[in-house]
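Please read the structure below before turning to the comments.
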Amino acid sequence: MFFSTHDKLYVLTHLCVILEQIDTLNRYKIDKIFPTKVDYLYNRAPEDFCLDMTYFSIYETFNAFKYSMDIQLIAKMTGIKIQNTNMVKSIPFYCPDFEQDELLSTFSFFPSLLISIAFMFTSVFTTGNIVAEKANKMKEYLKLVVYSFQVVSFTLLLSQFFNKPFNAKVVLLIIWIFSVVNFYDEIPTSVIKYLFAVFPNLGLVFSFQVLFQFERSSKNFHIAQLFENIYEDPLKLGAILISMLAWSILYFPITWYLENILPGDFGLPLPFYFPLTKNYWFPQNLDKNFSKYEAEAESDRPSFEKEPSNLKKTVSINNLSKTFKTFRRSKKAVKNISINFYENQITGLLGHNGAGKTTTTFMLCGMFPPTSGNARMMGLDLRNQMDQIRPILGFCPQVDILLEDFTVEEHLKLVLMIKGFPKSKFIEELERISNFVGLQKDLKKRSKNLSGGMKRRLMVALALIGDSKIIILDEPTSGLDPFNRVKLWELIRRYKNNHTIILTTHFMEEADALSDRIAIMNHGEIKCCGSPIFLKNYYGNEFENLLKKYLSDYQIEIDVAAEICISFPFDKANLLSDFLNDLETDKNKLGVDSYGISSSTIEEVFLKVGKIDHKAEDSNKMNNFVNIDENAFNETLFNF
Ligand SMILES: Nc1ncnc2c1ncn2[C@@H]1O[C@H](COP(=O)(O)OP(=O)(O)OP(=O)(O)O)[C@@H](O)[C@H]1O
Ligand SMILES: [Mg+2]
């Protein structure tokens with residue numbers, strides 16, 4: 001066969017065979033003549049190879065060399081001289097049909113790059129926004145059906161892993177850029193390649209590769225060819241689209257699962273096995289016998305008044321704790337608190353800055369997951385039934401959270417919609433609440449145009465609207481002037497029938513004026529709880545008794561916020577050390593944080609002289625003064 005002269009075609013075939021052999025043996029650097037498979041399939045158009053003269057000149061030089069060798073060999077071994085060399089022809093190696101379109105070949109990478117860049121910004125910023133607002137507004141922007149669908153679901157999925165928008169944006173950007181670069185051509189088409197379509201950009205890149213194979217051949221792509229291909233190791237467009245779609249659909253249950261178990265900084269995480277719990281799929285209705293849930297009894301402590309027995313216990317907190325863990329340290333903001341709240345009552349949670357009031361209210365609203373402990377509201381479990389609790393819960397946070405361009409009416413309607421309030425009763429409820437808080441004339445005003453006091457009233461209205469049975473108000477009067485504060489007190493007081501109101505404040509007079517029961521928080525613990533009269537008697541008596549015991553002629557001189565200044569005659573100075581001893585021993589019990597002693601300054605002597613004159617002038621005023629002092633006295637004691 002090698003030396004056959006019977007048919008010139010054999011010689012040519014032989015040449016081809018030799019060429020291929022040389023190719024596999026890698027002699028004559030034939031690999032440069034023949035493109036690699038990957039080059040041929042994805043990277044270069046057929047015309048690149050067929051028209052590229054560098055390949056052909058090597059090929060032809062080689063052919064000429066081989067041809068002369070063959071002629072010589074044949075002549076030598078058969079004795080036949082081939083005179084007419086035209087009888088031997090070289091045929092260029094196979095070149096498929098192709099459209100000669102330089103632009104198409106040069107820019108084949110371009111559409112996928114362009115589309116992914118176009119989507120990159122929407123995606124990066126949307127991920128940021130979703131993380132920031134946990135809301136999704138991007139669907140409108142996206143038009144490319146499968147790709148956009150996958151981008152949306154991918155973005156939603158990715159946003160579950162982050163709490164900080166900046167981190168989410170950076171990670172998405174990195175994934176985006178790396179997945180638009182195609183490192184994957186060397187991988188033979190198999191399931192693995194389709195698995196790579198997990199990243200939307202790679203699906204896009206693969207799809208365009210297949211489309212361009214069709215474009216570069218003379219066969220234009222037709223929808224019927226979704227599962228066809230023109231080369232032997234093909235990616236199939238239909239299969240890529242199906243895997244992209246499959247991934248997109250798969251992202252949703254994963255997103256839903258992660259959203260439930262990793263809700264971020266705000267929100268209650270469900271246990272990892274929550275899809276297996278009955279309550280998740282068949283939520284229980286309100287438990288009519290909810291009063292049976294008891295908080296751990298703290299009432300045996302003397303600073304806790306006996307709980308009211310005639311009222312319905314609606315909220316019961318049981319050993320609730322919250323520890324904030326940051327990178328370096330952990331902070332116990334709320335420590336094992338147990339307390340009950342009752343219907344028809346306003347319960348004041350009183351405490352200084354940082355006492356843990358807001359953290360407690362956030363836990364009750366499901367914004368922070370408790371570190372340990374639990375609570376029940378109307379018999380519903382805080383950890384597992386927050387979805388059922390939300391419609392009966394109204395919350396006014398410490399700072400106004402309003403949408404600048406929304407009107408008062410829109411805010412109120414939004415909350416009604418979120419609470420699932422019956423639409424037919426919207427108008428009635430809206431009027432009732434806006435009249436109640438005195439915003440009926442401002443319904444059409446945008447919230448950015450409201451005064452501070454109006455904003456606060458709107459926040460309170462948002463907590464009351466929609467028939468919330470349990471209302472949590474976190475410092476509702478903060479930032480209000482005294483006049484508006486008293487007005488808001490009046491509103492809150494009028495609303496307590498049939499409702500359970502929990503109100504936090506650090507104003508003692510506010511707690512005193514509004515609350516039926518007061519719980520005083522300090523460093524994350526509830527120190528005492530009871531009606532204002534009970535607390536005044538309990539602490540007032542204890543401290544007063546101590547003062548009377550040693551310094552019977554004492555006088556209250558100054559009372560400013562958390563400080564009280566008591567003076568006593570000099571002849572009692574010998575009892576001072578005993579008094580201070582007892583004070584130190586019972587410091588915690590009496591609620592005294594720190595104390596100091598000094599002898600009178602000239603300024604104090606001067607003021608005192610003035611005060612005595614003043615008292616002599618107006619005995620009525622003196623009575624007021626004494627009353628005020630009494631209040632202040634109690635206030636001071638409450639201020640640990
Ligand atoms: N997200 C958080 N991360 C870390 N520590 C926090 C966080 N939120 C609150 N804390 C800490 O928990 C403690 C209680 O804070 P909290 O806001 O509950 O107090 P508060 O009683 O509401 O005070 P204020 O009267 O100032 O509103 C504070 O020491 C605070 O620094
Ligand atoms: Mg607070």
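Note: hydrogens, waters and symmetry copies are ignored here, and every other heavy atom, side chains too, is used. In this text, all values refer to a predicted model and were calculated from it rather than measured experimentally.
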**Study point:** CA sep, side-chain torsions, deciding dist, call: Arg493, Glu490, salt bridge (charged side-chain N to carboxylate O under 4.0 Å, His left out)
**Key:** CA-CA 5 Å; Arg493 209 179 283 127; Glu490 187 51 40; 3.0 Å; yes
**Study point:** Stepwise ring pair (Phe, Tyr, Trp, His ring centres under 6.0 Å) check, Trp489 with Phe483
**Key:** CA-CA 10 Å; Trp489 287 356; Phe483 176 73; over 10 Å; no
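- Among all heavy-atom pairs drawn from Ile465 and Leu430, the shortest one is CD1-CA, 4.4 Å.
- Asn340 and Glu307 form a side-chain donor-acceptor contact under 3.5 Å, judged by distance and modelled atom types alone.
- For the residue pair Glu510/Thr477, the side-chain donor-acceptor check at 3.5 Å is satisfied.
- The shortest distance between side-chain heavy atoms of Arg390 and Met386 falls below 4.5 Å.
- For the pair Thr505 (side chain) and Ala511 (backbone), a donor-acceptor distance under 3.5 Å is absent.
- Enclosure of atom NZ in Lys425 is not indicated, since only 12 or fewer non-hydrogen atoms of other residues, nucleotides or ligands lie within 6.0 angstrom.
- With sequence neighbours excluded, the residues satisfying side chain to side chain donor-acceptor pair (under 3.5 Å) with Arg456 are Asp400.
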Point to revise | Criterion side-chain contact (heavy atoms from CB on, under 4.5 Å) on Leu439 and Met454, from CA distance to verdict | key: CA-CA 8 Å; Leu439 284 173; Met454 286 157 115; 4.2 Å; yes
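- When side chains are defined from C-beta on, Ile339 does not count as touching Phe304, because their heavy atoms never get closer than 4.5 Å.
- Taking the side chain as every heavy atom from C-beta outward, Thr407 and Leu443 never approach each other to under 4.5 Å.
- Under the 4.5 Å side-chain criterion, counting only non-hydrogen atoms from C-beta, Gln345 is in contact with Leu311.
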Practice item. Begin from the C-alpha positions of Glu428 and Arg432 and carry the test salt bridge (charged side-chain N to carboxylate O under 4.0 Å, His left out) through to its verdict. Key: CA-CA 6 Å; Glu428 194 187 320; Arg432 183 178 78 90; over 6 Å; no
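- Between Thr347 and Asp516, the closest side-chain pair of non-hydrogen atoms is not below 4.5 Å.
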Practice item. Any chance you could lay out the salt bridge (charged side-chain N to carboxylate O under 4.0 Å, His left out) test for Lys469 and Asp467, step after step, and finish with the verdict? Key: CA-CA 6 Å; Lys469 288 287 176 218; Asp467 202 22; 3.6 Å; yes
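- For the 3.5 Å distance criterion, the side chains of Thr358 and Gln398 qualify, holding a donor opposite an acceptor.
- For the atom pair Arg376 CZ and Leu382 CG, the distance stands at 10.0 Å (nearest 0.5 Å).
- Counting heavy atoms of neighbouring residues, nucleotides and ligands inside a 6.0 Å radius, atom CZ of Phe324 exceeds 12 of them.
- Smallest separation of non-hydrogen atoms from Ser434 and Leu412: CB-CD1, 4.5 Å.
- Remark: Leu270 CG to Glu259 CD distance equals 10.5 Å, nearest 0.5 Å.
- With 3.5 Å as the limit, one finds a donor-acceptor pair spanning the side chains of Ser531 and Glu305.
- Note on residues 420-453: pairs passing ring-ring contact (aromatic ring centres under 6.0 Å, His included), not counting sequence neighbours, are Phe436-Tyr495.
- Using a cut-off of 4.0 Å between Lys/Arg side-chain N and Asp/Glu carboxylate O, Glu404 and Arg446 are scored as not salt-bridged.
- Side-chain polar atoms of Lys419 and Ser468 form a donor-acceptor pair below 3.5 angstrom.
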Exercise for review: Begin from the C-alpha positions of Leu403 and His411 and carry the test side-chain contact (heavy atoms from CB on, under 4.5 Å) through to its verdict.
Suggested key: CA-CA 8 Å; Leu403 300 162; His411 273 102; 3.8 Å; yes
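- Under a 3.5 Å cut-off, the side chain of Asp481 and the backbone N or O of Asn484 do form a donor-acceptor pair.
- Ring orientation note: the planes of Phe154 and Tyr251 are tilted relative to one another, at an angle of 30° to 60°.
- Here the closest heavy-atom approach between residue Lys455 and residue Leu450 is recorded as CE-O, 3.7 Å.
- Between Leu488 and Leu480 there is a side-chain heavy-atom pair separated by less than 4.5 Å.
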**Study point:** side-chain contact (heavy atoms from CB on, under 4.5 Å) assessment of Ile502 paired with Ile471
**Key:** CA-CA 6 Å; Ile502 303 170; Ile471 296 153; over 6 Å; no
Exercise for review: Please test Asn353 against His506 for side-chain contact (heavy atoms from CB on, under 4.5 Å), starting from the C-alpha separation and ending with a verdict.
Suggested key: CA-CA 7 Å; Asn353 293 139; His506 52 241; 3.6 Å; yes
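- Under the 4.5 Å side-chain criterion, counting only non-hydrogen atoms from C-beta, Thr504 is in contact with Thr361.
- Checked by atom type, the side-chain pair Gln160/Tyr257 shows no donor-acceptor distance below 3.5 Å.
- Panel note: side chain Arg485, backbone Ser478; no donor-acceptor pair is recorded below 3.5 Å.
- Here the closest heavy-atom approach between residue Gly530 and residue Leu535 is recorded as O-CD1, 3.8 Å.
- When every heavy atom of Ile337 is checked against every heavy atom of Glu525, the shortest pair comes out as CG2-CA, 4.1 Å.
- To the nearest 0.5 Å, atoms CD1 (Ile261) and OH (Tyr273) are separated by 12.0 Å.
- Met363 CE to Thr360 OG1: the interatomic distance, rounded to the nearest 0.5 Å, is 5.0 Å.
- By the 6.0 Å and 45° rule, Arg517 does not stack over the aromatic ring of Phe534.
- Residues Lys313 and Pro308 have side chains not in contact (no heavy-atom distance under 4.5 Å, counting atoms from C-beta outward).
- Applying the 6.0 Å contact sphere to CG of Leu414 captures more than 12 heavy atoms from other residues, nucleotides or ligands.
- If you take CG on Leu503 and OG on Ser515, they are separated by 6.0 Å, rounding to the nearest 0.5 Å.
- Interatomic distance, Met508 CE to Ile520 CD1, rounded to the nearest 0.5 Å: 9.0 Å.
- Checking side-chain atoms of Lys312 against main-chain N and O of Tyr342 turns up no donor-acceptor pair under 3.5 Å.
- In this structure, Leu156 and Phe252 approach most closely via the heavy-atom pair CD1-CE2, 3.9 Å.
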